[in-house]
Amino acid sequence: MASDGRKQPPWIPPQPQLNTQLPRLKVFNSLTRTKDDFVPVDPAGKLVTWYACGPTVYEDAHLGHAKNYISTDIIRRIMKDYFGFHVKFVMNTTDVDDKIILRGRQQHLLARFKQEHATEDNSVSEMVLTEAKAALRQYIYKNLSALPSETSPEKLSEAVNEAYKGYADDSLPAEVTAAQGQAATVEDLLLKAHIGVARSAVGAMHDLKTAPEFFAETSEIFLPYLDALHGANLDSDNHNIYLELTSKYERRFFEDMEALNVLAPDQLTRVTEYVPQIVRFVEQIVANGFGYATVDGSVYFDIDSFERAGHSYARLEPWNRNDRALQADGEGSLSKGKSMKRSEDHFALWKASKPGEPAWSSPWGHGRPGWHIECSAMASEVIGKTIDVHSGGVDLRFPHHDNELAQSEAYWSAPGCQIQWTNYFIHMGQLRIRGLKMSKSLKNYTTIRSVLSEKYWTARSLRICFLLMPWQDGVEVTDELMKAVVGWEGKLNNFFLKSINLQRHPTTRNAAAGEHGIADQQLLSALEKAKADVDAALCDSFNTSAVMRILSELVTETNSAEALSDHVIILLARWVTRIVTIFGLDPEGDLSNEGHIGWSGLDIPASAKPFVSPASKLRDEVRALACSGLVDHTAIAKLADSIRFGIVTPQIESSEPYHQVFKQFCEDVRALATQQAPARDLLALCDQLRDVHLWKLGIYLEDRNNAQPALIRPLDKLLIETREEKDSARATRARAKLEQEVKDAERERETRERARMNPRLMFRILHEYQEWDENGIPTVDVTGKEVSKSRRKKLGKEWEKQKKRHDEWLLAGETT
């Protein structure tokens, strides 16, 4: 029994006799929920077969998909490029399932509706407006049940504010916010999404624009409305209705993967291209006694017969076996309603197609594959009866992968002989937002292409983010995690830039191998330890978070060491480059180039180099002369002229901004030199080139010690954020200083106003007293009671202070 009381799966990883020495690799296996020794089926120990569940292609991929496929790609690259396995990587795209059927059908009907109601001037006809109002009523009835069924567009806002207090604005109500330690629930987000759809549609009806603009804002109410009216009438044999949708989003998915530097699969399988094989696969399961057909033309998997034959079901997540919600989700939204299966636990292998659904011929009638059967049949077809690795998101463990495993073993296992279909299941953790899985239906997702286009994330920073966390764990993107990503990437950028500079411009510390000083020997020992630690981490179920920490610490140790030879720094930089290239952090990485250092993006644009390099050189010379004590203005003027006249006019348009900055800098340097300007003005001009003109062009000149020339580099997030933090701190200090000056001025003004008061009158203007002595100090209060001696003493001290202030004010008035 497991420590949590669950029954352990009746299986241990295979231990065949191999013809080669395997690495000490252990893999966290969802089948055993432990780290198992990795032993491939291949007798030579070289080939690793891998089947990955691919996307359901009906919309653009989002960051949740990025987490899954980048994590998968990282492990695949480590297996291939670090451990040296030959990986046969097979992935599917699901191009027919309930989501695709519904979305493809809806999009087809909406396109037909637009065409039927098109006008020459692109206006919205009365007929379309009438249909939109009917669609809105249906949408409200289905999704906003607290509203009156006949809520008109004009009354929607008022009705929403009344029925859904707190959900009508841009924020969720306080009781479901993190302010009270709670996260918004799925129901909260869905409700808010539905309110947003209804509001958008009403806005379009109220402010009629062109037809394309109108449909852009009302499509979400039209799609289910038109499908309810006409969906069942579509031709089941017209598969193009759905393939047009899936081919478009499959292409866009692989564009996104290429942008993320995710390797393409060695073989891609599509469900619609394997329907005959799927039919045969289902037939064999039925023939083996583990499936049955119903009179409506569907075929179901018989879990009871499967277990009676000695097999185990739900091995990945046995604790969810009786979860009806997960089971229903696995059967698909179009399968809702009464079925003819013998038990609620049984799942569909083949679904009889309903009117308006795509269909293929089969021995049981026209139908379509169940969700789970597709991967079993396709993986078995292209790999065989045993797969080394099967991967996917953690949400696929049950029921999808548990059902895959059961039906595949039902297919391959002969009486008295059970086959282990997949030896290692690995599941990637999810990306979560405020505790919730990223989901299209919840409207809480961001597409990969929008993130990359906005440049807030890059392919590299996303990959670094996922490398910093264990691949099997969920990721909650927080400010702290983002800061760690920026810091790690920035540290490596700095390290690579300085190492490349050493490689290009060797110093006098360029000792040959074997001639190392104490600092070199210490760093070489650290490098050997890092190599051993990285190997141990990668053997420990691809522990990339440990590797990232090891690399960071090694770079820190290098940066803090003194008197290192170029040779040692370059040797270390090349090894770090190899590891980050294996991790896929450089789309241009070439592991065969052992002399390469760094990753792409470390150099400034080629169009900038002819002008930025001489500008930086001139700046270095000017700074050196300005700091030399007695400034030689004649030498500076000659230097500016010689460098300027040695540069030709730019040949390409993209070079012009850099040329203008260079030209202006030369002119400004010469002008200051001619004016015999002081050193501080020359240095300020040099700072302006660095901090303003080149910064705006995405380039930074990093000044260094020991008379080294400035390091020319592109801006990165660490530089930008560091500057923003400094600017923010500077602005905060300036604001605090200004506020203090205002307070001091107000205090001074109040003091001057108080000093104007004659002390003989200061107590007489108050309503607290009715008699005073000859100096104006109170003797009797307003009630007629004599002021006490202690009170008079205190009032006298106040009088003396005011007299002193007043006398000083009078004296100042006389002198001014």
Electrostatic pair [X]:[Y] at N-O distance under 4.0 angstrom:
X: E255; Y: R449; result: yes
X: R270; Y: E250; result: yes
X: R251; Y: D256; result: no
X: K88; Y: D266; result: no
X: D97; Y: R103; result: no

Give a yes-or-no answer on whether the side chains of [X] and [Y] include a donor-acceptor pair shorter than 3.5 Å.
X: Q284; Y: N288; answer: yes
X: Q115; Y: R112; answer: no
X: H194; Y: Y139; answer: yes
X: T93; Y: D95; answer: no

For [X] versus [Y], what's the shortest heavy-atom pair and its separation?
X: I303; Y: D345; value: CD1-O, 3.0 Å
X: L326; Y: D323; value: N-OD1, 3.1 Å
X: A352; Y: E357; value: O-OE1, 4.4 Å
X: V197; Y: E220; value: CG1-CB, 3.5 Å
X: W421; Y: C375; value: CZ2-O, 4.4 Å

Centroid-centroid distance, F290 to H311, less than 6.0 Å: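 Ring centres of H311 and F290 closer than 6.0 Å.
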Check Y411, Y51, W412 against S380 for a side-chain hydrogen bond (donor to acceptor under 3.5 Å, both in side chains) and give me the one that passes.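 Exactly one candidate clears the test, W412.
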Would F38 and N423 count as a side-chain contact (heavy atoms from CB on, under 4.5 Å) here? Give the steps. CA-CA 9 Å; F38 183 74; N423 288 335; over 6 Å; no
Should the heavy atoms of other residues, nucleotides or ligands under 6.0 Å from [atom1] of [X] be counted, would the total exceed 12?
X: K385; atom1: NZ; answer: no
X: E307; atom1: CD; answer: yes
X: E116; atom1: CD; answer: yes

Counting N and O atoms only, with roles assigned by atom type, does the side chain of [X] sit under 3.5 Å from a partner on the main chain of [Y], one being a donor and the other an acceptor?
X: Q407; Y: H372; result: yes
X: S200; Y: G196; result: no
X: S298; Y: T294; result: no

Side chains of [X] and [Y] in contact at under 4.5 Å (non-hydrogen atoms):
X: S219; Y: Q107; value: no
X: M91; Y: P55; value: yes
X: V271; Y: M378; value: yes
X: L223; Y: L109; value: no
X: D237; Y: H366; value: yes
X: D98; Y: K351; value: yes
X: Y300; Y: E331; value: yes
X: I75; Y: W471; value: yes

Can you confirm if the NZ or CZ of R76 lies within 45° of the ring axis of F89 and under 6.0 Å from the centre of its six-membered ring?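 R76 over F89 ring: yes.
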Using 30° and 60° as the class boundaries, would you call the ring planes of F301 and F347 parallel, tilted or perpendicular?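 Ring orientation of F301 relative to F347: parallel.
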Mind checking whether H427 and H401 have parallel, tilted or perpendicular rings, split at 30° and 60°?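 Plane angle between 30° and 60°, so tilted.
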Test salt bridge (Lys or Arg N to Asp or Glu O under 4.0 Å) on R321 and D402; report intermediate values, then the result. CA-CA 9 Å; R321 172 173 178 155; D402 264 324; over 6 Å; no
State the OG-CG distance between S450 and L63, to the nearest 0.5 angstrom.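 The distance works out to 7.0 Å.
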For N320, what residues pass the side chain to side chain donor-acceptor pair (under 3.5 Å) criterion, not counting sequence neighbours?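 So N320 forms a side chain to side chain donor-acceptor pair (under 3.5 Å) with E317.
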What residues form a side-chain contact (heavy atoms from CB on, under 4.5 Å) with A163, not counting sequence neighbours?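 A146, L147.
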Residues two or more places apart in sequence or in another chain: which of them pass ring pair (Phe, Tyr, Trp, His ring centres under 6.0 Å) with F28?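 For F28 there are no ring pair (Phe, Tyr, Trp, His ring centres under 6.0 Å) partners, ignoring immediate neighbours.
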Reference residue H346; test ring-ring contact (aromatic ring centres under 6.0 Å, His included); the match among Y313, F306, Y292: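 With H346 as partner, ring-ring contact (aromatic ring centres under 6.0 Å, His included) holds for just one option, Y292.
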